[in-house]
Amino acid sequence: MTSIEQLQSMIDKSSRIVFFGGAGVSTESGIPDFRGVDGLYRQKYRYPPETILSHTFFMTHREEFFDFYRDKMLALDAQPNAAHKKLAELEAAGKLTAVVTQNIDGLHQKAGSKNVFELHGSVHRNYCMKCGKEYSAEFIRDSKGIPTCSCGGTVKPDVVLYEEGLDQKTLTGAVEAIANADMLIVGGTSLTVYPAAGLVDYYRGSRLVLINKTTTPLDSHADLVINGSIGETLAQIRVS
Ligand code: NAD
């Protein structure tokens, strides 16, 4: 049996699939990841991405933060790829109960997924730090320098920066979904960003699948490892 046939057979037997993913899910939509071959770590910046996207940096170098954020994190024209679409199809067919994502790009929802736990927030929610007024992602994109509310406060994206805690309700929902899953597909994540990566430990079943272009720290625990592209892999799955 090929690894795709094994994946198909596991999916056929499951009815509470959860997908746990990261930046690698969106590279085929043209959004760079951090640690992949074309990732932001290999591009030349004055600071590593995780320094720029930290709470301390946001508080001390706000203009530089927004330059990077607009340039690299806001990809509002990006479209869902085959992976996002297949996951939405599996949910619509009653096979998949939740997508848990570390991504902030909103592409799962754009593809039609409904139950999405966005562990690190979303570029599509932004609010004034002073009066709480909400703003769109387009407002941030079209602003210059530091995006500013009519009240004078900074408009901050609702994304979890390094050093900031995760939203408790999102975390609890994600843990519950994973703990109740009968199959967990982990894809496009280096599994190095905590606490998000630790959520995989809540899965107790015997259908743990890893799909990644490179190896991950969890490969030896998985029931099936597919070293390849997540979009190309999921595109081959039939939903019945
Ligand atoms: P990461 O960059 O650490 O790792 C991405 C992994 O995906 C790598 O192991 C890479 O080999 C693999 N990969 C890349 N393209 C792939 C493909 N087409 N098919 C299969 N595998 C592929 O990403 P991470 O683990 O999600 O951690 C990075 C952090 O950065 C996360 O917290 C995330 O919030 C954030 N981030 C988000 C976005 C986004 O929203 N699209 C983009 C960059 C970074």
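Counting convention: from 1, in listed order, for ligands and their atoms alike.
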Could you pull out, from Q102, E50, K213, the option with a heavy atom nearest to atom 22 (C) of ligand 1? K213

Let's go through F65 and F57 carefully: what are the C-alpha distance in whole Å and the side-chain angles of both, what is the deciding distance for ring pair (Phe, Tyr, Trp, His ring centres under 6.0 Å) to 0.1 Å, and is it a yes or a no? CA-CA 7 Å; F65 169 89; F57 196 86; 7.4 Å; no

So if I count the atoms of ligand 1 from 1 in the order they appear, which ones are less than 4.0 Å from some heavy atom of P32? 42 (C), 43 (C)

What part of A75 sits under 4.0 Å from ligand 1 if we count only heavy atoms: the side chain, the backbone, both or neither? neither

Number the atoms of ligand 1 from 1 as they appear, then name those within less than 4.0 Å of a heavy atom of E28, with their elements. 17 (C), 18 (N), 19 (N)

Around atom CZ of R204, are there more than 12 heavy atoms from other residues, nucleotides or ligands closer than 6.0 Å? no

Within the 4.0 Å heavy-atom cut-off, what V193 brings close to ligand 1 is side chain

Does a side-chain N-to-carboxylate-O contact under 4.0 Å join E164 and K156? yes

Would you say L161 ends up clustered with M73 if hydrophobic residues are merged whenever their side chains have heavy atoms under 4.5 Å apart, either directly or through other cluster members? yes

Would you kindly say whether D219 and T216 are connected by a side-chain donor-acceptor distance under 3.5 Å? yes

Check the angle between the aromatic planes of Y135 and F139 and answer parallel, tilted or perpendicular using the 30° and 60° thresholds. tilted

Interfacing atoms of ligand 1 (cut-off 4.0 Å, heavy-atom, G188): 5 (C), 6 (C), 7 (O), 21 (N)

Under 4.0 Å from a heavy atom of G22: give me the atoms of ligand 1 that qualify, with their elements. 26 (O)

Distance under 4.0 Å to a non-hydrogen atom of I31: what atoms of ligand 1 satisfy this? 41 (N)

Can you check which of G228, G187, G24 brings a heavy atom nearest to atom 20 (C) of ligand 1? G228

Taking everything shown except E134 itself, do over 12 heavy atoms lie less than 6.0 Å from its CD? no

Going from CZ on R16 to CD1 on I178, what distance comes out if it is rounded to the nearest 0.5 angstrom? 14.0 Å

T189: numbered ligand 1 atoms lying under 4.0 Å from its heavy atoms: 6 (C), 7 (O), 24 (P), 25 (O)

Kindly confirm or rule out an N or O of T192 lying under 3.5 angstrom from an N or O of ligand 1. no

For atom 6 (C) of ligand 1, the option (of S229, P49, S26, S190) bearing the nearest heavy atom: S190

Look only at interatomic distance and state if M73 has a nitrogen or oxygen under 3.5 Å from any nitrogen or oxygen of ligand 1. no

Might you confirm whether atom CG of D77 has over 12 heavy atoms from other residues, nucleotides or ligands at distances under 6.0 Å? no

For ligand 1, which atoms sit closer than 4.0 Å to a heavy atom of D105? 39 (C), 40 (O), 41 (N)

Checking the N or O distance criterion of under 3.5 Å, is ligand 1 in contact with I230? yes

Cation-pi check, R70 onto F68 ring (under 6.0 Å, within 45° of axis): no

Please could you name the atoms of ligand 1 that T214 approaches to less than 4.0 Å, counting only its heavy atoms? 9 (O), 11 (O)

